[in-house]
Amino acid sequence: LEKEKARDPETYAREYDATFTDAVSSFLPSESIESCVVEGRVEAPYQPGRYGYVCAIDAAFKGDRFVACVAHRVKDRVTIDHLAAWEGTREHPVSLGAVLPKIKTLATDYRFRRVVGDQFGAEPLKHAFTQVGLEFVEMPFTVQSKGDLYGNLRSLLVDGNIELLDHAQSFQTLEPAADG
């Protein structure tokens, strides 16, 4: 218990002392996030033969960002290597035809063959990624998997075991939302 208290006093107070806390601010402490950002790093280049890279997407077409993230892991440490985002609107949704070649270029640059995403739009995404020579792996977002994913993310952040890109710079320029 002392180890948990030293690691994350706010969570300890909430979980073990039954103290009410602000759930949003305490879930992902901003100071933990800030301490994991590698200042000035907007991309980590491919390192031949050193790591196995993975790509995950959060597909969105209208009013949100379609995001692709490339990362690698060494033991318990995760490094975000590349982020790409495309933002669409109702009038000009993100064009999958414009995004796929860019993700294919990432796959070539970082040597991955699979892209992981949630179940929303999985069937058309599977077909589309197959057309550019990539496999789309559906990872359903369920109550259980969300808890596991967010819990793992929180642990990585609080323990300082994730290297984040300087995301303010990563999203300064978004790719065009549509073809042309």
Side-chain angles (χ1 to χ4, degrees), residues 1-38 41 43-44 50-61 63-86 94 99 103 106-107 110-130 134-168 170-171:
L1 288 175
E2 289 303 316
K3 183 178 174 184
E4 285 299 309
K5 187 175 186 178
R7 181 177 163 267
D8 189 349
E10 195 167 337
T11 298
Y12 179 89
R14 185 177 64 247
E15 297 297 322
Y16 298 103
D17 292 337
T19 302
F20 289 102
T21 61
D22 181 9
V24 174
S25 69
S26 65
F27 178 67
L28 296 176
S30 60
E31 60 276 356
S32 294
I33 295 170
E34 290 167 13
S35 71
C36 291
V37 172
V38 180
R41 182 192 289 171
E43 180 177 26
R50 292 200 62 195
Y51 312 120
Y53 292 87
V54 296
C55 179
I57 65 165
D58 183 14
F61 299 92
D64 201 357
R65 290 181 173 155
F66 186 122
V67 177
C69 176
V70 178
H72 73 272
R73 186 178 83 186
V74 176
K75 296 184 182 176
D76 292 335
R77 188 165 192 81
V78 174
T79 299
I80 304 300
D81 296 287
H82 185 91
L83 286 173
W86 302 268
V94 170
V99 170
I103 295 175
L106 285 175
Y110 286 94
R111 316 296 195 271
F112 60 82
R113 290 195 158 101
R114 293 184 184 152
V115 176
V116 177
D118 62 27
Q119 71 270 26
F120 300 105
E123 288 309 312
L125 288 169
K126 284 179 189 178
H127 178 72
F129 277 103
T130 299
L134 296 172
E135 178 185 3
F136 178 82
V137 178
E138 178 183 347
M139 190 179 107
F141 233 40
T142 64
V143 171
Q144 177 64 41
S145 69
K146 284 180 190 180
D148 292 344
L149 287 168
Y150 291 130
N152 288 339
L153 173 60
R154 186 177 198 296
S155 292
L156 287 168
L157 288 166
V158 169
D159 294 342
N161 283 331
I162 186 168
E163 292 180 3
L164 301 173
L165 296 175
D166 198 338
H167 54 84
S170 297
F171 288 128

Any chance you could lay out the side chain to side chain contact (heavy atoms under 4.5 Å, CB included) test for D166 and R41, step after step, and finish with the verdict? CA-CA 6 Å; D166 198 338; R41 182 192 289 171; 5.5 Å; no

Side-chain contact test, heavy atoms from C-beta onward, threshold under 4.5 Å: evaluate it for [X] versus [Y] and give yes or no.
X: R73; Y: V78; result: yes
X: I57; Y: L125; result: yes
X: T79; Y: V38; result: no
X: L28; Y: L157; result: yes
X: L106; Y: F112; result: yes
X: F141; Y: Q119; result: yes

What's the separation between atom [atom1] in [X] and atom [atom2] in [Y], rounded to the nearest 0.5 Å?
X: K146; Y: D148; atom1: NZ; atom2: CG; result: 12.5 Å
X: C36; Y: I80; atom1: SG; atom2: CD1; result: 10.5 Å
X: S32; Y: D159; atom1: OG; atom2: CG; result: 9.0 Å
X: I162; Y: S155; atom1: CD1; atom2: OG; result: 11.0 Å
X: T130; Y: K126; atom1: OG1; atom2: NZ; result: 9.0 Å
X: R114; Y: L134; atom1: CZ; atom2: CG; result: 11.5 Å

S145 side chain to P140 main-chain N or O, any donor-acceptor pair under 3.5 Å?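 Between the backbone of P140 and the side chain of S145 there is a qualifying donor-acceptor contact (under 3.5 Å).
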
With distance as the sole test, does R154 use its side chain to make a donor-acceptor pair with the main-chain N or O of L156 at under 3.5 Å?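 No, the answer is negative, given that no donor and acceptor are paired below the 3.5 Å cut-off.
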
Please work out whether the ring planes of Y110 and H82 are parallel, tilted or perpendicular, with thresholds of 30° and 60°.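 Y110 vs H82 ring planes: tilted.
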
Check the orientation of H72 and Y53. Use parallel for under 30°, tilted for 30 to 60°, and perpendicular for over 60°.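 H72 vs Y53 ring planes: perpendicular.
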
So which atom in [X] and which in [Y] form the shortest heavy-atom distance, rounded to 0.1 Å?
X: V116; Y: F136; answer: C-CE1, 4.2 Å
X: E43; Y: L165; answer: N-CD2, 3.7 Å
X: A60; Y: F66; answer: O-CB, 3.2 Å

Between R77 and E163, is the closest basic N to carboxylate O distance under 4.0 Å?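 Judged by the 4.0 Å cut-off on N to carboxylate O distance, E163 and R77 do form a salt bridge.
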
Has R111 got more than 12 heavy atoms of other residues, nucleotides or ligands less than 6.0 Å from its CZ?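 More than 12 within 6.0 Å, yes.
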
